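Inspection log for the structure reproduced underneath, given as structure tokens.
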Number of protein chains: 2
Amino acid sequence: MGRKSDGRERLLEAAAALLAQRPYSSIGVAEICAVAGVQKGSFYYFFPSKQALALAVIDEHWVWQRSEWLKALEAPGTLQERLHSLFVATSDIQVASLTGSGSVTGCLFGNLALELSSQDEPVRERLQGIFEEQIDLVEHAIREGVDAGEVAVIDPREAARSIVAQLEGLVLFAKLFNDPGQIDRLWQNSLSLLGLATPAAV
Amino acid sequence: MGRKSDGRERLLEAAAALLAQRPYSSIGVAEICAVAGVQKGSFYYFFPSKQALALAVIDEHWVWQRSEWLKALEAPGTLQERLHSLFVATSDIQVASLTGSGSVTGCLFGNLALELSSQDEPVRERLQGIFEEQIDLVEHAIREGVDAGEVAVIDPREAARSIVAQLEGLVLFAKLFNDPGQIDRLWQNSLSLLGLATPAAV
């Protein structure tokens, strides 16, 4: 792949690649610069701090992931089919990471949430906002399902929060067991959070 | 609190306290020794490596947490009551961490699973074993519920896996939002993973 001429873009790519493999705390500015092929002196021209770079990586990842979520959740079909697409998209990302790097990288947001929540307030706030947006997207789909008479949900927001929490829990298992199949096997059970289906396991 | 005479015990306590606040990668042997009041030279008398200490912290935490889980899951009462006790116990631990330190520390195992799964095989294997044991405990309770005619579950193991994944997802939210109430609010929804209750949200 050709080297991009934009140092900022290269730093973002390098940081994202390193964060997929290792914890934030273990990655230094010097290493990010080395991977990006950017002089360390130039780093601070693009970003005032490693934290600022991390926030930019988070934002860029969310722009991409949000479009994936919208593709799944705004596709034609029933609520059940659209939620299934969301689980498949989530699983596919983990399969791709396993194929590409030999290990399931998990969810960037979940990884950073557990690593940094108690020590980095700006990162925590950004991640809170993203998870709330994820819940918004699922809630919107659930409300459409309610309007279509597919499901009777009293509190679509809390139901959406359960679905997103379940998804994060499943991605944690996929990473721990290095097995994206953890997500596929359990998605039917997750549907039962909506009373949408008799889950496979019960 | 009096200082324990046993250096090994003090190192374990110091490492557990530091791990509750910060990522593993950001904590060095020198800092653990300083907090424990143990000479750095003595560290390697007790543990061959930082990883060996981490594994010992994990084992010690699981001995304690396992007894808490057994208390909840082997208490008299219905499956629903026993699962509720498990969620309350999980929530109580996060409330205690918030009261004690000002921040929700999350789950030691979940934190380390996301931080280290792709880079530390012995830690990953130990955590896999612990999560499988957690699933065993919940599965056992579900089977008792089935025997008592409280619930009709086709695959108690997968149902148990869903419950443990949901619990991890909720603890992630509790940590991210620094709010143990995230666990309380959603536990009714989690019950629906078993088809046990019409969840509060649906």
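What you see is a predicted model; the values in this text were computed from it and never measured. Lettering follows sequence order; numbering is per chain, from 1. Side-chain atoms are counted along with the backbone in the values below, which use heavy atoms only and exclude waters and symmetry mates.
For the set B:Arg157, B:Glu115, B:Glu168, the count of heavy-atom pairs under 4.5 angstrom toward chain A peaks at B:Glu115. For the options B:Gly110, B:Ala20, B:Ser103, B:Ala160, heavy-atom pairs under 4.5 Å to chain A are most numerous at B:Gly110. Chain B forms more heavy-atom pairs under 4.5 Å with one residue of A:Asn178, A:Leu167, A:Val164, A:Ile142 than with any other, namely A:Asn178. Per-residue counts of heavy-atom pairs under 4.5 Å with chain A were compared for B:Leu116, B:Leu112, B:Leu127; the largest is that of B:Leu127.
Between atom OG of residue A:Ser26 and atom CD of residue B:Gln119 there is a gap of 5.5 Å, rounded to the nearest 0.5 Å. In this structure, the separation between CG on A:Leu114 and OG1 on B:Thr105 is 10.5 Å, given to the nearest 0.5 Å. With values rounded to the nearest 0.5 angstrom, B:Ser117 atom OG is found 11.0 Å from A:Phe173 atom CZ.
Only the side chain of B:Ile135 comes within contact range of chain A, with heavy atoms under 4.5 Å apart. Looking at B:Phe131, only its side chain comes within 4.5 Å of chain A, counting heavy atoms on both sides. When heavy atoms are compared at a cutoff of 4.5 Å, A:Gln166 approaches chain B by way of both its backbone and its side chain. Of the atoms belonging to B:Glu125, not a single heavy atom falls under 4.5 Å from chain A. Using a 4.5 Å cut-off between heavy atoms, B:Val146 makes no contact with chain A at all.
A 4.5 Å side-chain heavy-atom check between A:Leu176 and B:Phe109 finds every atom pair outside the cut-off. Here the side chains of A:Pro23 and B:Pro23 are not in contact, with every heavy-atom distance at 4.5 Å or above.
Between the side chain of B:Arg161 and the backbone N or O of A:Leu170 there is no donor-acceptor pair closer than 3.5 Å.
Heavy atoms from other residues, nucleotides or ligands lying under 6.0 Å from CD of A:Gln39 number 12 at most. Within 6.0 Å of atom OH in A:Tyr44, more than 12 heavy atoms from other residues, nucleotides or ligands are found, so the atom counts as buried in its surroundings.
When all heavy atoms are compared, the tightest approach of A:Phe177 to B:Arg124 is C-NH1, 4.2 Å. Residues A:Ser118 and B:Gln21 approach most closely at OG-O, 3.1 Å, considering heavy atoms.
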